[in-house]
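Encoded as structure tokens, the structure appears first; notes follow it.
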Amino acid sequence: MRARGRARLIGGMSVRFHLAAAIDAGLRQAAATAGFEPALFAPDVRVAAAQHGDYQANGVLAFAKQTKQNPRAAAQALVAALPADIAALADVAIAGPGFLNFTLKPAALEAWLAAHGTPEALAAAAAAGSPVSGQTWVVDYSSPNTAKQMHVGHLRSAVIGEAVARIAAFGGARVIRDNHIGDWGTSFGKIIWAYKQALATDRAALEAALAATPLEEFERLYKVGNTAADADPAVLEASRAELVKLQSGDPENTAIWRRIGEVSVDAFQKIYDLLGIHFDHTLGESFYNDKVGRVYEELVGCGVAEESQGALVVFHDENPRYSRHAERPNPFIVRKADGAANYASTDLATILYRSEHFKADASLYVVDKRQGDHFEQLFLTAKKWFEKSGRPLMRLEHLGFGTVLGEDGRPLKTRSGENIKLKDLLQEAVDRARRLVDEKSGELPEAERAAIAEVVGVGSVQYADLSQNRSSDYTFSWDKMISLEGNTAAYLLYAVARVRSIFRKLGLQPGDAASEVGAAPLETAPELALARKLVQFADAQGAAVATLRPHVLCLYLYELAGAFSAFYTADKVAVDDPAVRARRVRLCARTLLVLETGLQLLGLRTLARM
RNA sequence: GCUCCUGUAGCACAAUGGAUAGUGCAUCGGUCUCCGAAGCCGGUGAUGUGGGUUCGAUUCCCGCCGGGAGCACCA
């Protein structure tokens, strides 16, 4: 069997993208040679702390423990049996109780840099042999409700979802981006009622408002309808009647509803454009409206669902939380007592559609973690349903994220207690970035400063969100976010701009092979540290795909930018010695390549100047 | 009440059971006649608490204390 991963031949030397995987394979081979029981030995290769080398393998300790051997003796036996390609790749040392430390040889670093010199080479290497390669993944994110402006609560799903989608696609998956908008439900009866009232009262004013700020106007109409329905049972009844007409296909109500959807999606797209988001599909709840009947039939038919208090529900007796025997039973309600569908109904229909129509291998839901119970019940239900109906079940995963909090530790709101509109938040970020750009780079033309401010401002919002573990609550702070210092978008973008500046000054194109010809071997400590960090892109990328946590990629890019900045300060690129210059040009070009690739995976744009 | 999540320096974060717990902000001190100082180099400072499992625990298990969230027809 061929080794996993793509190997490129450079000067007869095979170059692996994932060097950790190469070391893992080499250790397994050595273990076989040394007579270790394969089932008991897992190398456990990981990126090491810098003082220990580049990679460390911790698996000897567990192996020695299980087989009652001296761990250092086992480590020595393993090292002695290491295949030649690993010995050529790295220096190996046994440390502490039995850790194996691998320090990549400069020639191995140079070969990796030479082999991964273009965006195409990097992407091909990352996708080849990836565990997700060739799979179809649906990423379900953003998912706002129509007739409402997106607010700060919608930020994380959009930003994290886009990053996850890009990371998965770079890892070789065929990614389908699906915006599961909330475009169906009782609220539309109220909007239609209010719309018709406004039409009868002052048609011109209504049309003017809808022409100027259509989404805001529908949002206002919803509030009018909602307030009126709360105050007056007759209005509530009238709204219900409008909803029934809509659901039975009444042409007028359907036209109003369509218009609501269109203006909403148009407004959303303006924000998506800023965030670099483009959906393949916008299949909202209404799309599944005619697909829930089949779900009910099947669930009842295969004995998963049952009637309870008039509703169609699913209990999960094996789980104390969702068991019918619980103190306060909390079943999964798949059809309401009034016969109407709910969130659960359409989500089940959605799973079926993604299975049958998209042939999806995975469906990832980037949704607030507070909906964790819903997804747990949804997945349990889908599992039983698909098992009983003999269908293979795709991987279902809820990528939950925490709440955006203000600096007071409460969910982020405006001073008056309103939700902050996403549009306003992004504009504020751009405005703040603009002030910084004017201060730092006042010499640049007005139009360029505006463009820079947009990239820095929006990128700062994205990066601040992505750079911490998504499942934690996220404390929002303007000052920290737009800050120039620390682990921020500005720091990474600044590193990119400085690399680009070097190439401008030298009159070279980044990645132009001719500029790297005759490169001398890497020599200085900052050069080696930068090269090592570049090689670790493979590890960061692999970890990002495996964990679907973009912050591991953020952390890596920050460290890479730091390694570059240290190198930049210590070692001048524009030196006379052509061999030294060539090797430093190559380091700069790869830094640029990896930084830009990584930032793109996060959904950020980059700048040549800032 | 039940359940889930969570507690790491003044603040914000990191650490698939591994080595001396990393980083940023703040703070203190260096550093621009030299490719961009939005930078670089250095100092100070932390695992809520009590047990347990383990060669090894921020990580796993149990208790306690603190914070957040969810719990029948909303999404």
Side-chain angles (χ1 to χ4, degrees), chain A residues 44 46 48-49 51-52 56 58 61-62 64-65 71 95-99 101 143 145 182 185-187 285 308-313 319-322 326-338 340-344 346-347 367-374 376 400 402-403 405 407 409-411 436-437 439-441 456 464 467-469 471-475 477 479-480 483-488 490-491 493-495 497-506 526 543 546-547 551-552 554-555 558-559 561-562 564-575 584 588 609-610:
Chain A
D44 190 15
R46 64 183 73 187
Q51 71 268 28
H52 299 130
Q56 63 181 66
N58 300 341
L61 286 165
K65 173 73 179 168
F99 298 111
N101 290 335
S143 309
N145 293 325
T186 53
S187 62
E285 285 159 6
S308 173
Q309 298 177 25
L312 189 64
V313 307
N319 184 322
R321 296 164 65 194
Y322 310 122
E327 210 172 317
R328 285 172 56 181
N330 179 27
F332 194 50
I333 298 167
V334 299
R335 188 181 62 207
K336 300 198 285 181
D338 65 4
N342 65 3
Y343 193 36
T346 51
D347 272 351
V367 180
D368 193 315
K369 71 177 178 187
R370 285 175 294 193
Q371 292 187 33
D373 283 1
H374 166 78
E376 196 175 356
T403 310
L405 304 175
E407 288 176 84
R410 309 294 309 166
L436 281 170
V437 174
E439 178 193 327
K440 299 282 182 185
S441 307
V456 173
S467 60
Q468 72 175 267
N469 196 332
S471 50
S472 313
D473 285 346
Y474 157 48
T475 305
S477 161
D479 292 338
K480 284 173 183 153
S483 166
L484 311 173
E485 293 141 19
N487 187 2
T488 61
Y491 182 81
L493 293 173
Y494 183 68
R498 287 213 297 189
V499 184
R500 289 236 171 244
S501 174
I502 292 170
F503 283 99
R504 271 198 306 275
K505 291 258 160 57
L506 294 176
T547 64
H551 82 283
V552 302
C554 291
L555 184 63
Y558 175 62
E559 289 171 354
F564 170 75
S565 295
F567 157 77
Y568 179 90
T569 303
D571 294 332
K572 194 172 164 88
V573 178
V575 293
R584 291 183 180 166
C588 289
R609 292 196 295 188
M610 63 186 280

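Here is the naming used below: chain letters follow the sequence lines, and residue numbers restart at 1 for every chain.
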Can you label the angle between the Tyr343(A) ring and the His374(A) ring as parallel, tilted or perpendicular, going by 30° and 60°?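 Because their plane-to-plane angle is under 30°, the rings of Tyr343(A) and His374(A) count as parallel.
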Face-to-face stacking of His52(A) with rA19(B), centres under 5.5 angstrom, angle under 30°: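 Ring-base stacking flag set for His52(A) and rA19(B).
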Euclidean distance for [atom1], [N] against [M] (whole angstrom):
| N | M | atom1 | answer |
| --- | --- | --- | --- |
| rU8(B) | rU44(B) | P | 22 Å |
| rA21(B) | rA9(B) | P | 15 Å |
| rU59(B) | rU6(B) | P | 12 Å |
| rU58(B) | rG7(B) | C1' | 11 Å |
| rU47(B) | rG42(B) | C1' | 25 Å |
| rU53(B) | rC60(B) | C1' | 8 Å |
| rG24(B) | rU3(B) | C1' | 36 Å |
| rA75(B) | rG18(B) | C1' | 43 Å |

Could you work out which one of [options] sits closest to the side chain of [X]?
| X | options | answer |
| --- | --- | --- |
| Ala574(A) | rC35(B), rA14(B), rG36(B) | rC35(B) |
| Arg410(A) | rG68(B), rA19(B), rA15(B) | rG68(B) |
| Tyr343(A) | rA72(B), rA38(B), rA75(B) | rA75(B) |
| Lys440(A) | rG36(B), rA75(B), rA38(B) | rA38(B) |
| His551(A) | rG18(B), rG70(B), rA15(B) | rA15(B) |
| Met610(A) | rG70(B), rA72(B), rA38(B) | rA38(B) |
| Asn101(A) | rA19(B), rU3(B), rC35(B) | rA19(B) |
| Val313(A) | rG18(B), rC40(B), rA72(B) | rA72(B) |
| Ser472(A) | rA14(B), rA19(B), rA75(B) | rA14(B) |
| Arg504(A) | rA14(B), rU3(B), rG36(B) | rG36(B) |

Work out which heavy atom in Val313(A) is nearest to a heavy atom in Pro331(A); give both atom names and the distance. CB-CB, 3.8 Å
What's the shortest heavy-atom distance between Asn101(A) and His52(A), and which atoms? CB-O, 3.1 Å
Whom does rG22(B) pair with, Watson-Crick or G-U wobble, provided both distances fall under 3.5 Å? rC13(B)
Tell me whether the side-chain N or O atoms of Ser308(A) pair up with the base of rA72(B) as donor and acceptor below 3.5 Å, since no angle test is needed here.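 Yes, a donor-acceptor pair under 3.5 Å.
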Would the base of rG36(B) count as contacting Ser501(A) through its side chain, where contact means a donor and an acceptor less than 3.5 Å apart?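 It does, because a donor-acceptor pair links the side chain of Ser501(A) to the base of rG36(B) below 3.5 Å.
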Taking only side-chain N and O atoms of [X], does any of them lie within less than 4.0 angstrom of OP1 or OP2 on [N]?
| X | N | answer |
| --- | --- | --- |
| Tyr568(A) | rC41(B) | no |
| Thr475(A) | rC13(B) | yes |
| Lys369(A) | rG68(B) | no |
| Arg328(A) | rA72(B) | yes |
| Arg46(A) | rG18(B) | yes |

Need one value for [X]: base, sugar-phosphate or nothing, where a base atom within 4.0 Å counts as base even if backbone is also close, heavy atoms only.
| X | answer |
| --- | --- |
| Leu61(A) | base |
| Gln309(A) | base |
| Ser441(A) | base |
| Asp473(A) | sugar-phosphate |

Integer-rounded Å distance: [N] [atom2] and [X] [atom1]:
| X | N | atom1 | atom2 | value |
| --- | --- | --- | --- | --- |
| Gln468(A) | rU6(B) | CD | P | 14 Å |
| Asn342(A) | rC73(B) | CG | P | 10 Å |
| His374(A) | rC73(B) | NE2 | P | 15 Å |
| Tyr491(A) | rC40(B) | OH | C1' | 9 Å |
| Asp373(A) | rG70(B) | CG | C1' | 5 Å |

When rounded to the nearest 0.5 angstrom, what is the spacing between CD1 in Ile502(A) and NZ in Lys572(A)?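 Reported to 0.5 Å precision, the distance equals 9.5 Å.
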Arg498(A) to Tyr568(A) six-membered ring, cation-pi geometry met (6.0 Å, 45°): yes
Counting only heavy atoms not in Gln51(A) (residues, nucleotides, ligands), do more than 12 fall under 6.0 Å from its CD? yes
Pull up the glycosidic torsion of rC4(B) and say syn or anti, syn being anything within 90° of 0. anti
